[in-house]
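Computed from heavy atoms alone, side chains included, the values below leave out hydrogens, waters and symmetry copies. As the structure is a prediction and not an experimental result, all values here were calculated from the model.
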Amino acid sequence: MWSKRLLGLDPQPVSGHVFAVDGQRVRYAYFAGDVGDLECREFHSQPLAEGTFQDGPLGGPVRDVEAFVTNLKSLLERIPQRPAEMSLVLPDEWLRVTFAELGSLPRGANREDVLRFKLKRLVPYRVEDLRLAEAEVPALTGSESGRRFLLGFGNASLLTQIETAFEGLGVTAGHLSNEGLSVLPALAPILKGALAGVVYVTETSYTLIVTQDARPTLHRFKVLAADDAARGRLVPRDLRLTRSYVRQEVKGRRLGELILIAPQSESGRWKAWLEDAFEHPVRSLSEEQPELPGTVTGVPSWESAPLLGAASRGIE
């Protein structure tokens, strides 16, 4: 299935209501305020039973749809005004990203078909089972090909199950995106006009995105080792390799801001890893702004930044 609303990169009017679903919980936040100054006015979280979703490289289908819907109902009952439309944020592991370059299309060729063919050569998944979306992004320095596209893809069955569960309760997903890409609109005022880097860290993975004028031009998602000692060895090595790749692919431009979004307890060592690998100062969101701005207190900024970003998408 072709989806024009899967990535959530282009500014357009969006609802201030945002839901985030992962393997452990469903979260809801409502943002309102002046343009460029959104505040969190409502926040709720509903835990999910262990094993709600089957395992899979792109997430697995819901095991018990009825139980999942019951959890959604419980969450919605705590929301003063049930929204008719919302933005939906999913884990980076469920919605993956890659890049493809596309020259002039042969006469009569369909762009979706061509991009699906390219994707088939780039990823180890059955492309026929994926929902696919594209967004044009800046070409890399020195690229000799035509237009460059960011391709977002996910398990079509899983995405449809989640959307259908919400729609059965009267809530439609206006657009979908993953956590890593969702933080970019919230950071756009800082990222625009320069080459920048954003690192989004969760308990089990991290995503590193290099942007040009706030648009992603390089993207790297990695699952973290479960063993803490292994993380201490592997993460710095991966970051150094990524820095070498960035230097090779983006020539002639210096990195501006390098922004870290990580749990407060992890911020210190991730900041040290990044500054060592990139030889560049790092700004930590959890240090500069520990909680989301707004009337709701106690919501850590690092884990809810994607929700704020999804609500910021309509702001130029």
Side-chain angles (χ1 to χ4, degrees), residues 1-12 14 57-58 87-156 159 173-185 187-188 191-198 200 207-222 242 245-246 248-253 306 309-310 313 316:
M1 183 189 339
W2 187 252
S3 173
K4 291 291 186 183
R5 58 187 178 87
L6 184 62
L7 298 176
L9 290 179
D10 297 313
Q12 61 179 259
V14 294
L58 297 174
S87 298
L88 179 60
V89 178
L90 300 176
D92 287 19
E93 192 167 3
W94 293 4
L95 287 180
R96 300 291 184 96
V97 169
T98 190
F99 293 87
E101 292 185 339
L102 189 64
S104 300
L105 292 176
R107 181 174 297 177
N110 179 278
R111 189 167 75 187
E112 176 188 352
D113 292 338
V114 174
L115 289 174
R116 277 192 181 274
F117 177 76
K118 284 181 172 287
L119 184 64
K120 186 178 294 187
R121 302 172 66 181
L122 294 171
V123 301
Y125 311 112
R126 272 179 49 86
V127 174
E128 297 78 10
D129 298 334
L130 303 179
R131 186 185 299 185
L132 176 65
E134 51 81 11
E136 191 165 0
V137 294
L140 292 173
T141 304
S143 174
E144 297 179 358
S145 300
R147 300 160 68 190
R148 190 163 185 262
F149 290 89
L150 180 147
L151 303 181
F153 57 93
N155 183 323
L159 302 183
H175 86 279
L176 291 77
S177 188
N178 65 21
E179 293 176 331
L181 292 178
S182 290
V183 303
L184 299 184
L187 300 174
L191 302 177
K192 280 189 174 180
L195 185 72
V198 177
Y200 176 71
T207 301
L208 191 154
I209 306 172
V210 176
T211 66
Q212 296 189 54
D213 196 25
R215 304 281 290 181
T217 190
L218 292 171
H219 185 285
R220 183 171 175 81
F221 168 79
K222 293 284 290 185
T242 301
Y245 182 74
V246 171
Q248 178 183 341
E249 295 295 330
V250 186
K251 298 185 175 79
R253 297 193 65 181
R313 185 174 168 239
E316 294 274 10

Does any part of the side chain of [Y], heavy atoms only, come nearer than 4.5 Å to the side chain of [X], both counted from C-beta?
| X | Y | answer |
| --- | --- | --- |
| R96 | L58 | yes |
| T217 | R148 | yes |
| L159 | L88 | no |
| L95 | L181 | no |
| Y200 | I209 | no |

Rounded distance [0.5 Å steps], [atom1] in [X] versus [atom2] in [Y]:
| X | Y | atom1 | atom2 | answer |
| --- | --- | --- | --- | --- |
| F221 | T207 | CZ | OG1 | 5.5 Å |
| L208 | R220 | CG | CZ | 8.5 Å |
| K192 | Q212 | NZ | CD | 15.0 Å |
| F117 | L122 | CZ | CG | 10.5 Å |
| L195 | L218 | CG | CG | 8.5 Å |
| L176 | R131 | CG | CZ | 6.0 Å |

Checklist entry - Are any of the side-chain nitrogens in E128 or K120 under 4.0 Å away from the carboxylate oxygens of its partner? => result yes

Closest contact, heavy atoms only, [X] versus [Y]:
| X | Y | answer |
| --- | --- | --- |
| V137 | F149 | CG2-C, 4.2 Å |
| P91 | N178 | O-CB, 4.0 Å |
| A214 | L184 | O-CD1, 4.3 Å |
| V89 | S182 | CG2-OG, 3.8 Å |
| H175 | S87 | CE1-OG, 2.9 Å |
| L150 | P216 | CD1-CG, 3.5 Å |

Next on the checklist: Among residues at least two apart in sequence or on other chains, which ones pass salt bridge (charged side-chain N to carboxylate O under 4.0 Å, His left out) with D213?
Outcome noted: none

Item to check | Test side chain to side chain contact (heavy atoms under 4.5 Å, CB included) applied to V123 and L151, step by step | outcome: CA-CA 11 Å; V123 301; L151 303 181; over 6 Å; no

